[in-house]
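Worksheet: one structure, shown below.
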Amino acid sequence: MALLTGAPRGTKDVLPSESYQWQYMEETLRKAAADFGFSEIRFPTFEHTELFLRSVGDTTDVVQKEMYTFEDKGGRSITLRPEGTASVARSFVEHSLFGAGLPVKVYYIAPNFRYEKPQAGRLREHHQFGVEYFGSERPEAEAEVIGLADTFLRRLGLNNLNVQLNSIGCHHCRPAFHKALQEYFKEHESELCPTCLERMERNPLRILDCKNESCAKIAEGAPIGLHYLCPECKEHFEMVQTYLREMGIDFTINPHIVRGLDYYVRTVFEFVSDAIGAQGTVCGGGRYDGLVSAIGGKDVPGLGFGSGIERLLLVMEAQGIKIPKPNGCDVFFAALGEETSLPVEKMIFQLRQLGISAERDTMGRGLKAQMKYADRIDAKYVVVIGEDELTNGLVHLKCMETGEQTECKLDIQEIAQWVKAHH
RNA sequence: GUGGGUGUAGCUCAGGUGGUUAGAGCGCCAGGUUGUGGCCCUGGAGGCCGUCGGUUCGAGUCCGAUCAUCCACCCCA
């Protein structure tokens, strides 16, 4: 593909014929966030590379092989944001947002960049709706955040998602679990796949998620993380579940879900669809109590989620959920003869100033073609105007849906009134 | 990064074993009503057959490479 006429790999244009879907999506997300008391935050598209090393974790795949990193002209190492939480945490610390009182509840809709191999539901630039909730270490915070996720997904019509919940423990109880896992898998070393052998050292949790038959079989008998939770984590996890049950949010506990970002502790969760292939996680998040202090801020707990907008749209399409199309043009002027051009341009200009969407032909087409065009742009009314109408001061307003024509004075206020009353 | 499928008109796709001007449907434009859309009919425009190289008298068709795309692994939204 030519460099000039092909978008970079893994990126997508949102075309004029589909942008209304994004607008609908964004409106729905903003409304849900507002209902739950979250305010929008905006942040730069790039950050100092160091931020992601410290927050996401320098052993994660995201950091190790997926970041768009470059040196700017001032010699700084800059990285295109691969995820939103780090930026929000940075901003939280930089501007001492806790100063306005906790909790701090923010949301964002922003693009993320990861150098990945594109596939269904996976792009190099994708957009996320994310929320972050700072200040509370109590399970109520989970109820708020997961409650918001459940709500906006339902409002979009996605009501058959699988909600998966897990607790991966805290800094106190996780090491014991890691050790137990490593000991268990060491015994079955010979039956593990090569990738899992590599995972043994760095992240034995991942072996639990391996799809390889032999590995999966071994994983079945592996120690279960939930058994290793310290009393505090256990209590916390129980309470999260109690809240969700009380709120009527169905979930399944999946001890195998492990998030790929290092900052997570305790609660992790995913909303998964089976409608769009292998990349079915449509919303994922969890708690990150140590994150803010890890990048140099106070020890403020937090949690949040990210939700991929492209994936949400894919699921909606797969499930046949129709997104309402915006209204077309209110009134189209089909003009005949050169002498009508000037007055028509003036009239649609005046109508537009009144907040009415008015259109005309600028392609020099005949009447029939103009009617066709009016039909295509979904015009509600058409005014046919030629020499006669111009001299008589009377026109017919044709309703495109019924075909009915109504006589009307050739007067902006009259036409505006009619269109407003009948749209 | 690894593996498999696919690249022909704006879109969805036909084009047995290589053979002259590369097709259809939809869409677009024009006409059939010289002042009225949707349905119907007629005509038209539109194609470096992804790209580069090779085999051959001859390549959309065969081979190689490359790029893109789709799917899976991996990872994540």
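Proteins come first, then strands; the chains are lettered A, B, ... in the order of their sequence lines, and each starts at number 1. Everything numeric here is computed off the predicted structure, so don't read it as measured data.
Listed nucleotides B/rA30, B/rA72, B/rA77 differ in distance to A/Ala120; the shortest reach to its side chain belongs to B/rA72. Out of B/rG38, B/rC75, B/rC73, the shortest distance to the side chain of A/Ala278 is found at B/rC73. Considering only the side chain of A/Met371, B/rU36 comes nearest among B/rU36, B/rC29, B/rC73. Ranking B/rA30, B/rG37, B/rC70 by closeness to the A/Arg365 side chain, first place goes to B/rA30.
In this structure, A/Glu404 atom CD and B/rU36 atom P are separated by 19 Å, rounded to whole Å. Straight-line distance from the NZ atom of A/Lys12 to the P atom of B/rA77: 19 Å, rounded to whole Å. Rounded to whole Å, the distance from CG on A/Asp13 to P on B/rU69 is 12 Å. Atom-to-atom, CZ of A/Arg114 to C1' of B/rA77 comes out at 6 Å; the value is rounded to the nearest Å. Whole-Å rounding puts the A/Asp361 CG to B/rC29 P distance at 11 Å. One interatomic measurement links the two molecules: CD of A/Gln405 to P of B/rU36, which rounds to 10 Å at whole-angstrom precision. When rounded to the nearest whole Å, the span between CE of A/Met363 and P of B/rA45 equals 19 Å. The interatomic distance linking A/Asp262 (CG) with B/rC75 (C1') rounds to 13 Å, in whole Å.
Between the side chains of A/Thr281 and A/Glu270, at least one donor N or O sits under 3.5 Å from an acceptor N or O. A side-chain N or O of A/Arg81 and one of A/Asn112 form a donor-acceptor pair less than 3.5 Å apart.
The shortest distance between the side-chain N/O atoms of A/Arg9 and the OP1/OP2 oxygens of B/rU69 is below 4.0 Å. Of the side-chain N and O atoms in A/Gln119, one or more sit less than 4.0 angstrom from OP1 or OP2 of B/rA72.
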Between N or O atoms, less than 3.5 Å apart, protein on one side and nucleotides 2-5 of chain B on the other: list the pairs.
from	atom 1	to	atom 2	distance (Å)
B/rU2	O4	A/Lys117	NZ	2.8
B/rG3	O6	A/Lys117	NZ	3.3

Protein and nucleotides 42-44 of chain B: nitrogen or oxygen contacts under 3.5 angstrom:
none

Could you pull out the protein-nucleic contacts involving nucleotides 32-35 of chain B (nitrogen or oxygen on both sides, under 3.5 Å)?
from	atom 1	to	atom 2	distance (Å)
B/rG32	O6	A/Lys368	NZ	3.0
B/rG35	O6	A/Asp388	OD2	3.1
B/rG35	N1	A/Glu389	OE1	3.1
B/rG35	N1	A/Glu389	OE2	2.9
B/rG35	N2	A/Glu389	OE2	2.6

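In this structure, A/His188 and A/Tyr184 have tilted ring planes: the angle between them lies in the 30° to 60° band.
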Which atom pairs, donor and acceptor, lie under 3.5 Å between side-chain atoms of residues 113-121 of chain A and protein residues at least two apart or in another chain?
from	atom 1	to	atom 2	distance (Å)
A/Arg114	NE	A/Pro82	O	2.8
A/Arg114	NH2	A/Pro82	O	3.0
A/Gln119	OE1	A/Arg122	NH2	3.4

Could you list the donor-acceptor pairs under 3.5 angstrom formed between side-chain atoms of residues 370-379 of chain A and any protein atom two or more places apart in sequence or on another chain?
from	atom 1	to	atom 2	distance (Å)
A/Gln370	OE1	A/Ala335	N	3.0
A/Gln370	NE2	A/Ala335	O	3.0
A/Gln370	NE2	A/Arg365	O	2.9

Would you give me the side-chain donor-acceptor pairs under 3.5 Å for residues 40-52 of chain A, sequence neighbours excluded?
from	atom 1	to	atom 2	distance (Å)
A/Glu40	OE1	A/Arg30	NH1	3.1
A/Glu40	OE1	A/Arg42	NH2	3.3
A/Glu40	OE2	A/Arg30	NH1	3.4
A/Glu40	OE2	A/Arg42	NE	3.0
A/Glu40	OE2	A/Arg42	NH2	3.4
A/Glu47	OE1	A/Arg90	NH1	2.9
A/Glu47	OE2	A/Ser87	OG	2.8
A/Glu47	OE2	A/Arg90	NH1	2.6
A/Thr49	OG1	A/Ser77	O	3.1
A/Thr49	OG1	A/Ser77	OG	2.7
A/Thr49	OG1	A/Ile78	N	3.4
A/Thr49	OG1	A/Thr79	OG1	2.7
A/Glu50	OE2	A/Arg54	NH1	3.3

Distance-only donor-acceptor pairs under 3.5 Å for side chains of residues 132-140 of chain A, two or more places apart:
from	atom 1	to	atom 2	distance (Å)
A/Glu132	OE1	A/Tyr288	OH	2.4
A/Glu132	OE2	A/Thr85	OG1	2.9
A/Glu132	OE2	A/Tyr108	OH	3.1
A/Ser136	OG	A/Arg138	N	3.1
A/Arg138	NE	A/Glu140	OE1	3.4
A/Arg138	NE	A/Glu140	OE2	2.8
A/Arg138	NH2	A/Glu140	OE2	2.8

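Remark: the backbone N or O of A/Phe36 is paired with a side-chain donor or acceptor of A/Lys105 at under 3.5 angstrom. Judged purely by atom type and a 3.5 angstrom limit, A/Asn159 has no side-chain atom pairing as donor or acceptor with the backbone of A/Arg154. Formation of a donor-acceptor pair under 3.5 Å by the A/Asn166 side chain with backbone atoms of A/Pro255 is found in this model. A donor-acceptor distance shorter than 3.5 angstrom exists from the side chain of A/Ser293 to the backbone of A/Gly290, with no hydrogens or angles considered.
Within residues 121-132 of chain A, the residues that place at least one heavy atom under 4.0 Å from RNA chain B are, in residue-number order, A/Gly121, A/Arg122, A/Leu123, A/His126, A/Gln128. For the segment residues 25-47 of chain A, no residue has any heavy atom less than 4.0 angstrom from an atom of RNA chain B. Contacts between residues 155-167 of chain A and RNA chain B, defined by a heavy-atom separation below 4.0 Å, involve no residue at all.
Taking all atoms of both residues into account, the shortest heavy-atom contact from A/Leu303 to A/Ala141 is CD2-CB, 3.6 Å.
In this structure, A/Lys398 reaches the bases: a heavy-atom distance under 4.0 Å links it to at least one base atom across the strands shown.
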Inset, instruction - Show the numbers, then the answer: is there a salt bridge (charged side-chain N to carboxylate O under 4.0 Å, His left out) between A/Arg266 and A/Glu142? - result: CA-CA 11 Å; A/Arg266 290 194 164 174; A/Glu142 269 91 342; over 6 Å; no
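Nearest-nucleotide mapping onto RNA chain B: of A/Ala369 and A/Tyr115, the residue sitting toward the 5' end is A/Tyr115.
In this structure, CG in A/Asp35 is found 8.5 Å from OG1 in A/Thr151, a value given to the nearest 0.5 Å.
Ring centroids of A/Phe152 and A/Phe129 are separated by less than 6.0 Å, placing the two rings close together. A/Phe177 has its ring centre less than 6.0 Å from the ring centre of A/Tyr228.
Not counting sequence neighbours, A/Glu18 has no partner by the salt bridge (charged side-chain N to carboxylate O under 4.0 Å, His left out) test.
Between the side chain of A/Glu66 and the base of B/rC75, no donor-acceptor pair of N or O atoms lies under 3.5 Å.
The environment of A/Phe349 atom CZ is sparse: at most 12 non-hydrogen atoms of other residues, nucleotides or ligands sit within 6.0 angstrom.
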Inset, instruction - Taking Watson-Crick and G-U wobble pairs with both distances under 3.5 Å, convert RNA chain B into its dot-bracket string, 5' to 3', dots for unpaired and | for cross-strand pairs. - result: (((((((..((((.....[...)))).(((((.......))))).....(((((..]....))))))))))))....
